[in-house]
Every structure is written in C-alpha cells, then in structure tokens.
Amino acid sequence: MDEQPEPARTAGGGLDRRAELSEFLRTRRARLKPEDVGLPDFGRRRVPGLRREELAQLAGVSVAYYTRLEQGNGRNVSAEVLDAIARALRLSDAEHAHLTHLAKPKQHKKKPAARSRQVRPALRHLLDSIDSVPAYIVGRRSEILAWNRMAAALFGDWAELPAPERNWARLVFLRPEYRELFVEWDQKASDIVGYLRMDAGCHPDDPQLSALVGELSVKSEEFRRLWAAHDVKEKSHGVKRMRHPLVGDLTLSFETFRLVDDAEQSLITYHAEPDSSSADALRLLASWGADATRAGAETDTSAPRH
C-alpha cells in the first residue's frame with residue numbers, strides 16, 4: 001500500500017495553512033517540465049519538475065523570495081507576485097484562487113455549525129416543486145443539506161442516513177453502492193476531493209473539515225492518494241454517466257447554482273436530453289420516487305446469477 005503523509009493540523013484542529021501552501025506550490029512545480037515553459041533541460045534531475053530557481057526566473061522574483069513562499073511563508077506577498085507565480089506555474093483559475101486563499105487568507109465570520117447547515121424554507125419549497133429534475137443543496141465540506149424526491153430516487157433516500165453520513169465524500173469513498181452508481185467513479189472521486197481542497201483553502205481553520213479529511217485518509221487509500229495530489233476544482237457543470245439499479249444507464253448533465261446570499265451553499269440539478277433514453281429513465285424514476293433505489297437493489301438481489 002502506498003504511504004501518503006497525514007494531513008498537517010494546527011493546535012486548534014484545523015489544517016496547517018503554511019503546510020498546505022508549501023505542498024500546493026511544490027506539487028504544481030513538480031508537474032511542469034522545462035520544455036513545457038520553453039526552458040532548456042540540462043541533464044538529469046534529482047526530483048521531477050522545474051527547479052525553484054527556474055520557477056523564480058519565470059515569475060520574475062528572486063530565488064530566496066520564492067523559496068520562502070514555497071516554505072509556507074506567504075506573509076506580505078503581493079497580489080501581483082502571486083499572479084506572476086500563477087502564470088509561471090500555468091495554474092487554472094481554480095488553482096489561482098486556491099493559491100490566493102492560502103497565501104493571503106481572508107478573515108471569515110464564523111457561523112455556528114447548526115446555522116451553516118440551515119436551508120431557507122423557500123429553497124426547500126423550491127426543491128419540492130421541481131418534480132421532474134433531481135436537485136439538492138450542498139454546503140461546506142460536501143454536506144448534503146436538502147434534496148427533492150427525484151434526488152432520492154436517483155441517488156438513494158438520504159433521509160434514511162444519519163445526518164453526518166449525508167456527505168458526498170463519505171458516500172463516494174466509503175459506500176460501495178456509489179462506486180456502482182457512478183460509471184466514471186474515479187472522476188467523481190477526484191471531483192469531490194478537488195472541491196474539498198478548495199474548501200480547505202478558504203477555511204483551513206475548520207476543525208470539522210480537518211476531522212473529515214483525517215477520517216477519510218484513514219479509511220480510504222484512494223482518498224489519501226487523491227488528497228496528497230493537491231488538485232483543486234470548483235463546482236460548475238458537466239456530464240455524469242450513471243448505472244442505476246432500477247432503470248439502468250443514464251447520461252445526465254448537471255449544473256451548479258451558487259446561492260447569492262450564502263456562498264457556502266449551492267443548488268445542484270441534473271437533467272437529461274429531451275426525448276432521450278435517459279429522459280425516459282428519469283420519468284420512470286419519478287413514478288417510483290424514493291423507493292426507486294431500494295426497488296432496484298431488491299431486483300438485483302433476486303435476479304438469478306449466472
């Protein structure tokens with residue numbers, strides 16, 4: 001089994017921001033080759049990727065300055081320098097934002113845990129009124145806060161789970177039925193870890209997030225490997241292929257709508273192309289409701305094995 005380092009933590013139980021900044025910069029530098037950035041490659045390298053002096057040259061800063069930053073000392077670093085380093089490292093927009101969060105953290109007003117999980121009644125009514133599209137609201141730490149009948153039909157009845165288990169990271173990495181549900185499970189797992197990494201960059205002092213990362217690192221080798229890669233991703237839109245136990249294969253597009261009055265919560269919807277087999281499958285799921293996944297599991301169990 002590959003050994004991956006345990007997440008570094010502060011005395012308060014959160015993730016160590018300096019260690020996170022150091023590892024993020026190191027892993028981004030390691031993935032670049034000299035030819036990727038137009039530099040000559042002289043001889044063998046002891047470690048993969050660009051050397052610190054090469055990165056500093058590309059960013060237009062001194063080697064000593066960049067070394068201090070990669071050692072986790074982002075104090076007083078300017079936005080202009082971070083922009084230059086982001087360009088030199090070929091960072092994506094999400095990675096650039098993550099670097100800024102780690103190097104120049106903002107002070108967030110701490111919400112009580114119960115309040116951070118509250119969903120406005122009007123939003124719950126909206127979810128209930130969307131009767132043909134699976135939809136749910138996700139919050140910090142990949143927590144599933146509210147959902148409609150169609151989401152229960154597609155993903156399983158989350159009402160049957162204890163509140164702490166209504167969490168995408170725990171579902172994807174610790175429950176085998178979700179490995180069966182997502183055809184490209186590896187991509188779903190990578191996405192979830194990328195979202196958690198973005199969350200950690202914004203809230204490195206969150207002890208609940210640190211505890212979740214620690215738990216998953218102990219229980220899942222795959223999570224531990226993905227977390228050590230330091231890849232980040234924003235929730236946006238895309239396509240997911242699923243294999244539902246009752247209706248079979250579906251190809252669904254998903255959209256993410258971040259709430260204006262609470263950036264920590266997002267509404268996620270899934271829809272099928274009109275007149276497609278996936279649209280027919282969603283209509284069948286709608287007729288079953290929350291019992292759909294259970295019925296499919298029973299069908300699989302009772303079917304003869306060959």
message: Strictly below 4.0 Å, N to O, side chains only: are R141 and E215 in salt-bridge contact?
response: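 Looking at R141 and E215, the cut-off is not met.
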In this structure, would [X] and [Y] fall into the same cluster of hydrophobic residues linked by side-chain contacts under 4.5 Å?
| X | Y | answer |
| --- | --- | --- |
| L58 | Y65 | yes |
| V63 | L25 | no |
| L250 | V183 | no |

Are side-chain heavy atoms of [X] and [Y] found at a separation under 4.5 Å?
| X | Y | result |
| --- | --- | --- |
| L69 | V61 | no |
| L259 | S266 | no |
| K235 | V138 | yes |
| I268 | W168 | no |
| Y270 | M242 | yes |
| Q187 | K240 | yes |
| V119 | Q265 | yes |
| I144 | L171 | yes |

message: Run L267 and L123 through side-chain contact (heavy atoms from CB on, under 4.5 Å) and show every step you take.
response: CA-CA 9 Å; L267 170 66; L123 284 173; 5.9 Å; no
query: Among R26, R18, R52, which residue meets the salt bridge (Lys or Arg N to Asp or Glu O under 4.0 Å) test with E70?
result: R52
How far does [atom1] of [X] sit from [atom2] of [Y], to the nearest 0.5 angstrom?
| X | Y | atom1 | atom2 | result |
| --- | --- | --- | --- | --- |
| Y178 | F155 | OH | CZ | 8.0 Å |
| W147 | R166 | CH2 | CZ | 4.0 Å |
| Y66 | L55 | OH | CG | 4.0 Å |
| Q57 | R51 | CD | CZ | 12.0 Å |
| R224 | S217 | CZ | OG | 7.0 Å |
| H230 | E20 | NE2 | CD | 5.5 Å |

Who passes salt bridge (charged side-chain N to carboxylate O under 4.0 Å, His left out) against [X], sequence neighbours left out?
| X | value |
| --- | --- |
| D231 | R28 |
| E177 | R175 |
| E222 | R179 |

- prompt: Which pairs with one or both residues in residues 118-138 pass salt bridge (charged side-chain N to carboxylate O under 4.0 Å, His left out), sequence neighbours excluded?
  reply: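 Sorted result for residues 118-138: R120-D261.
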Sub-3.5 Å donor-acceptor pair from the side chain of [X] to the main-chain atoms of [Y], do we have one?
| X | Y | result |
| --- | --- | --- |
| S220 | L216 | no |
| R197 | W227 | yes |
| H271 | E255 | no |

If I compare all heavy atoms of [X] with all of [Y], which pair ends up nearest, and what's the gap?
| X | Y | answer |
| --- | --- | --- |
| E234 | A94 | CG-CB, 3.9 Å |
| V239 | F254 | N-CE2, 3.7 Å |
| A135 | A151 | O-CB, 3.5 Å |
| V213 | F223 | O-CE2, 3.7 Å |
| D249 | S278 | O-OG, 4.5 Å |
| E95 | L91 | OE1-CA, 3.3 Å |

query: Should we count CD of E53 as having more than 12 external heavy atoms under 6.0 Å?
result: yes
Over 12 non-hydrogen atoms of neighbours within 6.0 angstrom of NZ in K33: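 Counting other residues, nucleotides and ligands, NZ of K33 stays at 12 neighbours or fewer.
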message: Would L282 and L252 count as a side-chain contact (heavy atoms from CB on, under 4.5 Å) here? Give the steps.
response: CA-CA 10 Å; L282 283 184; L252 302 177; 3.9 Å; yes
query: Knowing that exactly one of D199, D191, N167 qualifies, which makes a side-chain hydrogen bond (donor to acceptor under 3.5 Å, both in side chains) with S142?
result: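 Going through the options one by one, the only one that passes is N167.
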message: Set out, in order, the CA-CA distance, both residues' side-chain angles and the distance that settles side-chain contact (heavy atoms from CB on, under 4.5 Å) for R29 and L89, then state yes or no.
response: CA-CA 6 Å; R29 180 168 58 84; L89 288 171; 4.1 Å; yes
task: May I ask you to check whether Y136 and W158 place their ring centers less than 6.0 Å from one another?
output: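 Centroid separation for Y136 and W158: below 6.0 Å.
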- request: For E184 and R241, run salt bridge (charged side-chain N to carboxylate O under 4.0 Å, His left out): C-alpha distance rounded to whole Å, both residues' side-chain angles, the deciding distance at 0.1 Å, then the answer.
  value: CA-CA 7 Å; E184 293 103 356; R241 293 173 55 221; 2.8 Å; yes
- request: Tell me, please, which residues at least two apart from V133 pass side chain to side chain contact (heavy atoms under 4.5 Å, CB included).
  value: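 Counting only residues at least two positions away or on another chain, V133 forms a side chain to side chain contact (heavy atoms under 4.5 Å, CB included) with I130, T269.
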Residue pairs passing the ring pair (Phe, Tyr, Trp, His ring centres under 6.0 Å) test where at least one lies in residues 69-100, sequence neighbours excluded: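 Ring pair (Phe, Tyr, Trp, His ring centres under 6.0 Å) check on residues 69-100 returns F24-H98.
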task: Apply the test side-chain contact (heavy atoms from CB on, under 4.5 Å) to residues V232 and V193: give CA-CA distance (whole Å), side-chain angles for both, the deciding distance (0.1 Å), then the verdict.
output: CA-CA 7 Å; V232 296; V193 175; over 6 Å; no
